[in-house]
There are 2 protein chains.
Amino acid sequence: MEVYKKRQQKVYSYLRKEGFDIAVLADLEERRNPSLRYLTGHPADALLFLSSRGECFLIPWDENLAAELAFVDKIIPYNSYKRSFSIAVQSLVEEWRLKEGSRIELSGKFPYPSAVELISSLPDMEIICRDQGLDSLLLKLRSIKDKSEIQSLQRACEISNEIIQGIEDLLADKRNTLRELDIAQYIDSEARTRGAEGTGFETLAAAATRSFAIHAFPSYGSSLIGERGFSVIDFGVKYRGYTSDVTITLIRGPLSRLQQKMAEAVSEIYELAISLIDNGISTGEIALKIDEAFARWGFKMPHALGHGIGLAAHEAPFLRTEDQNSNIVLKEGMIFTVEPGLYYPEAGGIRLENDILITSHGLKVMTNSRIIEI
Amino acid sequence: MEVYKKRQQKVYSYLRKEGFDIAVLADLEERRNPSLRYLTGHPADALLFLSSRGECFLIPWDENLAAELAFVDKIIPYNSYKRSFSIAVQSLVEEWRLKEGSRIELSGKFPYPSAVELISSLPDMEIICRDQGLDSLLLKLRSIKDKSEIQSLQRACEISNEIIQGIEDLLADKRNTLRELDIAQYIDSEARTRGAEGTGFETLAAAATRSFAIHAFPSYGSSLIGERGFSVIDFGVKYRGYTSDVTITLIRGPLSRLQQKMAEAVSEIYELAISLIDNGISTGEIALKIDEAFARWGFKMPHALGHGIGLAAHEAPFLRTEDQNSNIVLKEGMIFTVEPGLYYPEAGGIRLENDILITSHGLKVMTNSRIIEI
């Protein structure tokens, strides 16, 4: 596929410009890195080697799956290297005949001990492991969606909207008997039968008694949804690897004074966020104004205003004030969530989350989440 | 809860013995570490600081959830440290009045760049980041289940067995209309309504056309299950954090000669594994004999014979030959899978996986997976 070749070319150019001979990335069970899928199409569980000569080798855990899904120059099963990272690197160093003084960029996601081990096992090579190199380039590339990525996310958002409508219909039909589990299974089933890979993360469906946690634990169970107070439903539809991320809150009165104030604040601040977001505005500026708006209500939101979505459920850009990486200027092709929320043990939680695309002339709200009074 | 206090005490003793003042662990979205839940009860998304003086501080992403679930001496919201790892560490260093020359153990799961940054930001401290220290101790402790852990896994296995029986009943009832999705949702629903937290990992339900991958991708969809050939169903039930892991294969004939041979080999080798496993035998010895048995059939299994289960779906001990860490002697309280399997694009995949507890007098097979002819 042309799109993967193009992305690999960008890495080759980067390597040449920065004077590296090869780059090494990994996606493993307890250490995910969706950039592998971005570069190759292979969904998970593999090492990836890219050489400045323009070659891309995948070392997958499952060679049958790689043969079906990966667009790379060569597939070498991880078993060939006895499932050892250092044997794999040393073999590739030999295969590519890397000379003394060659420069290798190791993804900054590698743990300290394995990076140190590799550095000492290849004393003649210069090994660089940092966040601000290739990882950062890939996150930046991934933060601006190309045409095919926008199409995938558009489809994920369409399916999400059909599901939101479906949940409203279900609630109208049987508002007193729906369990968290029923909602979660409805979402999963609708997503998969419409051609999605599945959900982008474990669906959160939290009845009013449990919605005070930002991410309910367990994520759903047998409690009835839509009881008095706030019930929160947070889900993503993953289409061709790309996930939407939406949250609807169901409100059932009568509300306490605190709940009433929370609902008004979140609705108002959601509208404020939508009015602030524009091509060319910085994320930090928006997040700061939102923090100030919450403060005027006497509230403090315990999480970011939003985050990019794509191959990961949380990726750049991040809309928050706390982080030096968050002061990014919004650009055409960025897709991210806007999700003001408030959570108090005595009142429950309320969040409204939609997905936003930045276009050449402003923003497009791609999803139809809303606060639903039932 | 007494059990968490006891586990924390073991870390304090370790720190004193090794001459460390504090230890730092993290469980984050792209870098999971179930040892945090093991030590505190808090399920995910937090930093954990333990001091040799006998104090345990949790820095959670969600303070409401921590207030409900964590058994620690102090909870400090991550937001108090502007969600910055280095600010959190430096504040704790001040709060605990660590003197020049204090020794800090950083979990070996920290990425190289953040470990390097921390080391340079605390030049007066000695910071050690390694696999063979605290991480290794915790993996070892977790590999021998205590009474409460065995009870949780026993319940997870009981529910799994009820689900396996339920799937057989479903198949008897409507073997020609069940989709992968129906099976996956049946498992999820039965698990949660019986009090489980959910499934321990995304259920794999792969129709005969897709079962050639060790882990089917996507994990389940709309294909009909139980068509001619091998259909594979792999799932775990997570009870109080502890997950079972079982696989049943549905066989529907007529089979090709290769399929016939695969089924015979996997059944025979499963029985061989069960006969080899015993208190006091090493994992490497068992795995080697299994590799040899597959070789006599002319086959090679592309994954390990088994792995420990617990708070993680894959943990120590590992039953494989390739890895220096796998040559572990089986001991009372270890719980792990035995899962011989074979996979060929032209034949599909077949796997039989059960969960095994090592007792003082041998092994106990805790689950009832089997190869089911339909």
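All values reported here derive from a predicted model rather than from experimental measurement. Chain letters run A, B, ... following the sequence lines, proteins first and then strands; every chain starts at 1.
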Trainee: When only pairs under 4.5 Å are counted, which of B:Gly108, B:Ala213, B:Ser222 shares the most heavy-atom pairs with chain A?
Mentor: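 Ranked by contacts with chain A, first place is B:Gly108.
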Trainee: What part of B:Glu117 lies closer than 4.5 angstrom to a heavy atom of chain A: side chain, backbone, both or neither?
Mentor: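 Neither the backbone nor the side chain of B:Glu117 comes within 4.5 Å of chain A.
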Trainee: In Å, rounded to the nearest 0.5 Å, how long is the span from CD of A:Glu68 to CZ of B:Arg210?
Mentor: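 Between atom CD of A:Glu68 and atom CZ of B:Arg210 there are 10.0 Å.
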Trainee: Give the member of A:Pro77, A:Ala115, A:Pro43, A:Gly198 that has the highest number of heavy-atom pairs under 4.5 Å with chain B.
Mentor: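 The candidate making the most pairs under 4.5 Å is A:Pro43.
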Trainee: Can you see which heavy atom on B:Tyr112 is nearest to which on A:Ile119, and at what distance?
Mentor: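 Minimum heavy-atom contact is OH-CD1, 4.0 Å.
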Trainee: Measure A:Glu63 against the heavy atoms of chain B and call it side chain, backbone, both or neither at under 4.5 Å.
Mentor: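 Neither part; nothing is under 4.5 Å.
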Trainee: Tell me which of these, B:His314, B:Lys238, B:Lys109, B:Arg130, has more heavy-atom pairs under 4.5 Å with chain A than the rest.
Mentor: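 Option with the greatest count: B:His314.
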Trainee: Heavy-atom pairs under 4.5 Å with chain B are the metric here; pick the option from A:Pro113, A:Ser107, A:Pro218 that has the most.
Mentor: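 Of the options given, most contacts go to A:Pro113.
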Trainee: Minimum heavy-atom separation for A:Phe217 and B:Leu69, please, with both atom names.
Mentor: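 Residues A:Phe217 and B:Leu69, closest heavy atoms: CD2-CD1, 3.6 Å.
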Trainee: If every non-hydrogen atom of A:Pro302 is compared with every non-hydrogen atom of B:Asn79, which pair is closest and at what distance?
Mentor: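 Minimum heavy-atom contact is O-ND2, 3.0 Å.
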Trainee: To the nearest 0.5 Å, how far apart are CZ in A:Arg192 and OG in B:Ser223?
Mentor: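 The OG atom of B:Ser223 is 11.5 Å from CZ of A:Arg192, to the nearest 0.5 Å.
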Trainee: Roughly how far, to the nearest 0.5 Å, is the CD atom of B:Glu197 from the CD atom of A:Glu202?
Mentor: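 Spacing of CD (A:Glu202) from CD (B:Glu197) equals 9.5 Å.
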Trainee: Take B:His215 and A:Trp61 through the ring pair (Phe, Tyr, Trp, His ring centres under 6.0 Å) test and state the conclusion after the steps.
Mentor: CA-CA 10 Å; B:His215 286 174; A:Trp61 182 71; 4.9 Å; yes
Trainee: Could you measure the distance from the CZ atom of A:Phe212 to the CG atom of B:Asn64? Nearest 0.5 Å is fine.
Mentor: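 If we round to the nearest 0.5 Å, A:Phe212:CZ and B:Asn64:CG are 6.5 Å apart.
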Trainee: Looking at every heavy atom in both A:Leu181 and B:Thr193, which two are closest together, and how far apart are they?
Mentor: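 Nearest heavy atoms, A:Leu181 then B:Thr193: CD2-CG2, 3.6 Å.
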Trainee: How close do A:Asp188 and B:Tyr220 get, heavy atom to heavy atom, and via which atoms?
Mentor: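 For A:Asp188 and B:Tyr220, the tightest heavy-atom pair comes out as OD2-OH, 2.6 Å.
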Trainee: What residue, out of B:Ser189, B:Gly221, B:Ser219, has the most heavy-atom pairs lying under 4.5 Å from chain A?
Mentor: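 It is B:Ser189.
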Trainee: Closest heavy-atom contact between B:Arg83 and A:His303?
Mentor: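 Closest heavy-atom pair between B:Arg83 and A:His303: NH2-CA, 2.9 Å.
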Trainee: Using a 4.5 angstrom heavy-atom cutoff, name the option from A:Glu30, A:Gln185, A:Arg31 with the most pairs to chain B.
Mentor: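 Of the options given, most contacts go to A:Gln185.
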Trainee: Under a 4.5 Å heavy-atom cutoff, which of A:Leu65, A:Asp62, A:Asp131 has the most pairs with chain B?
Mentor: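 Ranked by heavy-atom pairs under 4.5 Å with chain B, first place is A:Asp62.
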Trainee: Most heavy-atom pairs under 4.5 angstrom with chain A, which of B:Cys129, B:Ala44, B:Ala216?
Mentor: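 The answer is B:Cys129.
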Trainee: The criterion is ring pair (Phe, Tyr, Trp, His ring centres under 6.0 Å); which residues satisfy it with A:Phe110, sequence neighbours excluded?
Mentor: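 Listed in chain order: A:Phe85.
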Trainee: Counting only heavy atoms not in A:Arg194, do more than 12 fall under 6.0 Å of its CZ?
Mentor: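 Yes.
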Trainee: Which answer fits A:Ala304, side chain, backbone, both or neither, if we ask what part of it has an atom under 4.5 Å from a heavy atom of chain B?
Mentor: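 Both backbone and side chain.
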